[in-house]
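All chains are named by letter (A, B, ...) in the order of the sequence lines, taking the proteins before the strands, and each is independently numbered beginning at 1. If you're wondering where the values come from, they're calculated on a predicted model, not measured in any experiment.
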Protein chains: 2
Amino acid sequence: MSSIHDVATYCGVSTATVSRALRGLPNVSRQTRELVQAAAAELGYVPSPSASGLSGGRHRAVAIVIPSTARWFYSKVIEGVDSVLRREGYDTFLVILAATLNDRERLFHNALLRKRADALIALGIDFTDEERRELRSVQMPAMIVGGAVRGVRSVGLDDGAVGRAATEHLLGLGHTRIGHIGGHTEYGMQHSVGEDRESAWRNALAAHGLQPPPHHHADGAFVVPQAKVAARSMLRSPDRPTAIFAGSDEMAFGALLAATELGLRVPEDLSVIGIDDHDWSDAFGLTTLRQQPFEQGRLAARTVLDELNGIPVPVRTTRAPFELVVRASTGPLGSAPAQAPAQDAPRSTPTAV
Amino acid sequence: MSSIHDVATYCGVSTATVSRALRGLPNVSRQTRELVQAAAAELGYVPSPSASGLSGGRHRAVAIVIPSTARWFYSKVIEGVDSVLRREGYDTFLVILAATLNDRERLFHNALLRKRADALIALGIDFTDEERRELRSVQMPAMIVGGAVRGVRSVGLDDGAVGRAATEHLLGLGHTRIGHIGGHTEYGMQHSVGEDRESAWRNALAAHGLQPPPHHHADGAFVVPQAKVAARSMLRSPDRPTAIFAGSDEMAFGALLAATELGLRVPEDLSVIGIDDHDWSDAFGLTTLRQQPFEQGRLAARTVLDELNGIPVPVRTTRAPFELVVRASTGPLGSAPAQAPAQDAPRSTPTAV
DNA sequence: GTGAAAGCGCTAACAT
DNA sequence: ATGTTAGCGCTTTCAC
């Protein structure tokens, strides 16, 4: 494990020159730079992040704070973030923020993050007031993906707009009994996302003079199993909805499973729409509002890197794009054919609108 | 951001004493230790990992090398690893090893040499000979989850045993036309897992004098969409299998979706078994062989930490436990009832065997 | 364009 | 039980 010193003596220059040459700093002759680069490659030299972190204050690492890795959205954001960080020679350092308040406090209060990471990217966290304050005053560049905090840069869907679009797609098909499976997530995780989508549903219905009965709304906790349970009870009621808007594709999957189990045909007996365009949504034939968390992650990473590089970035919330993808899970009200659909029906052909 | 020096002067001792006191080292009087601890808390002191990494050689971080975060197994392992690391005050560095050979080389080299991590945990990577060599000779503790490398500690299923158990469950139900959806994954990812499960399937059938026709095997690439495609073509053949053993639950989901689409009843017309006990398997009513990646991750983390703490750990492969969980997706051959199942059928009640 | 020297914040001998 | 003294491997003035 050669050090900068080895490289320096190897080519008969000072360590300072090696440092400058390798980092592409000015005031190094073309000749010297090439010499140094060759030597570094030859010796398999890799700078120690600890050393440069200590001396230069740049750790070449960013922390990504998430509630869990097991959800599609998060995992995609992580991969997006990592893809750009890696290319820039930065490391990604995972902070899984369990809902344990205790743990969280330590993480945030401590300069712990500050001493190891140059920047912070947070997802799906429902920050406490204290944390918001800290976040706003952090020394390091920070960005939030999916869910805004005043004074901090962020990128994410306009949940109101998406929720409205989803509901209106169903209304446009003639549905009036439209249920909603939402996400009041576990403690400590983002609340606003689920709430905003639910409000949008309510408002869109209200705009059409509709007011859903209480049992047309249930909590799916953003996961398949609970969404399935929620959908099942909703679909068993005598005045069951003819369409369900699920707050995420995973919850929509749960609804589809419930429908299958109850012998309901989709979309003849029940239409289902979700949000995300999960990797599996096509296989489920699910109509959804596509968003691209991988790209959101990339943007977040690029943004904090820009800031680190001294490029000014306005503090603002970037609205991530979304688009309706119509598949086989939604159809006009009363489309019920007399018999089962043909086996070759192209249930999975997406149609971007 | 106070340093060790601040704490030292604050309580009138040397930095060495502070260091010793805070790390629980011997040769510090109870009094002094408490004084120092109080001062540290008071000043909000947090040791800089860069500094202690540089001087002491302990970075209090471990790197976890994975092909992707988006798969259930990986995400669970990550969470397991992180849960024990965090408790011990260690950080988790993510190294997402894209299949790009070019990139990999650099990454692997760096991950090992960069000296940012004290230990290495790798999952689902199909190491090159070069990498194996490096791994074996690494300076730092290393552990592999799911898929062994000679000379490196590892934990994972006995894929042969699991594959046999799955196939035998179906054989035991009277099935003889048993298909397999396997995983020949993308370049650079673990091959042996998919291969061993497939061999086990073949061997179990052979042991019963059965030899599956070529079209009863297809590649599902360990993901839902491709598994669905694979299952669909398999199920359309005139002599379609009456049961499918999928190499993972995600692929089994794909098979179930294909069955639904083709109007096949499960388990009357088709039985399906997977491996994993994915979080959603219960919702799908999927019979499976349960493994516990979270626990495997915990074990891996504990193992490398033990090594770091000087506790001797034999170099060996630990077989992770698995158990059959029978749900509604498998049933005896020819169990076909005349009509659709009752709506209230408890499809999801698991039965651990 | 390049080098010398002074740290960054900590740990690890070696003293006392 | 505690303090002193060197570094760890880099970056960064400040000279030249």
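Residue B:Arg23 places at least one side-chain N or O closer than 4.0 Å to OP1 or OP2 of C:dA12. Within the structure, every side-chain polar atom (N or O) of A:Ser50 is placed at least 4.0 Å from both OP1 and OP2 of D:dG9. One finds no side-chain N or O of B:Ser3 lying less than 4.0 angstrom from the OP1 or OP2 phosphate oxygen of C:dC8. For D:dG9, the OP1/OP2 oxygens have no side-chain nitrogen or oxygen of A:Thr15 closer than 4.0 Å. Between A:Ser19 and the phosphate of D:dT11, there is a side-chain N or O to OP1/OP2 separation shorter than 4.0 Å. Considering only side-chain N and O atoms, A:Ser29 lies under 4.0 angstrom from the phosphate OP1 or OP2 of C:dT2.
When rounded to the nearest whole Å, the span between CG of B:Asn27 and P of C:dC14 equals 15 Å. Summarising the geometry, the separation between CG on B:Leu54 and P on D:dT11 is reported as 11 Å, rounded to the nearest angstrom. Protein atom CG of B:Leu25 is 10 Å distant from nucleotide atom C1' of C:dA12, rounded to whole Å. Taking atom CZ of A:Arg60 as the reference point, atom C1' of D:dG9 lies 16 Å away to the nearest angstrom. Distance CZ (A:Arg20) to P (D:dT11): 11 Å, rounded to an integer number of Å. Between A:Lys115 atom NZ and C:dC10 atom C1' there is a gap of 10 Å when expressed in whole angstrom units. When the C1' atom of C:dC8 is taken as reference, atom CZ of A:Arg116 falls 16 Å away, rounded to whole Å. Between A:Leu22 atom CG and D:dT11 atom C1' the separation is 13 Å, expressed in whole Å.
Minimum heavy-atom separation, B:Ala39 to B:Val7: CB-CG1, 4.1 Å.
Looking at heavy atoms from C-beta onward, B:Tyr90 lies in side-chain contact with B:Leu308 at the 4.5 angstrom threshold.
When each of B:Arg116, B:Arg58, B:Arg60, B:Arg86 is tested with B:Asp91 by the rule salt bridge (charged side-chain N to carboxylate O under 4.0 Å, His left out), just one qualifies, namely B:Arg86.
Checked by distance alone, A:Arg33 brings no side-chain donor or acceptor within 3.5 Å of a matching partner on the base of C:dG1. With hydrogens and angles ignored, a donor-acceptor pair under 3.5 angstrom links the side chain of A:Ser55 to the base of D:dC10.
Nearest to the side-chain atoms of A:Ser52 among the listed nucleotides D:dT2, C:dA4, D:dT11 stands D:dT11.
Judged by distance alone, the side chains of B:Ser19 and B:Arg23 do bring a donor and an acceptor atom under 3.5 Å apart. Defined by atom type and a distance below 3.5 Å, a donor-acceptor pair is missing between the side-chain atoms of A:Ser75 and A:Thr69.
Both B:Gly12 and B:Ala51 sit near DNA chain D, but only B:Gly12 has its closest nucleotide nearer the 5' end.
Backbone-only engagement by B:Pro47 is indicated by non-hydrogen atom pairs under 4.0 Å involving sugar-phosphate atoms exclusively.
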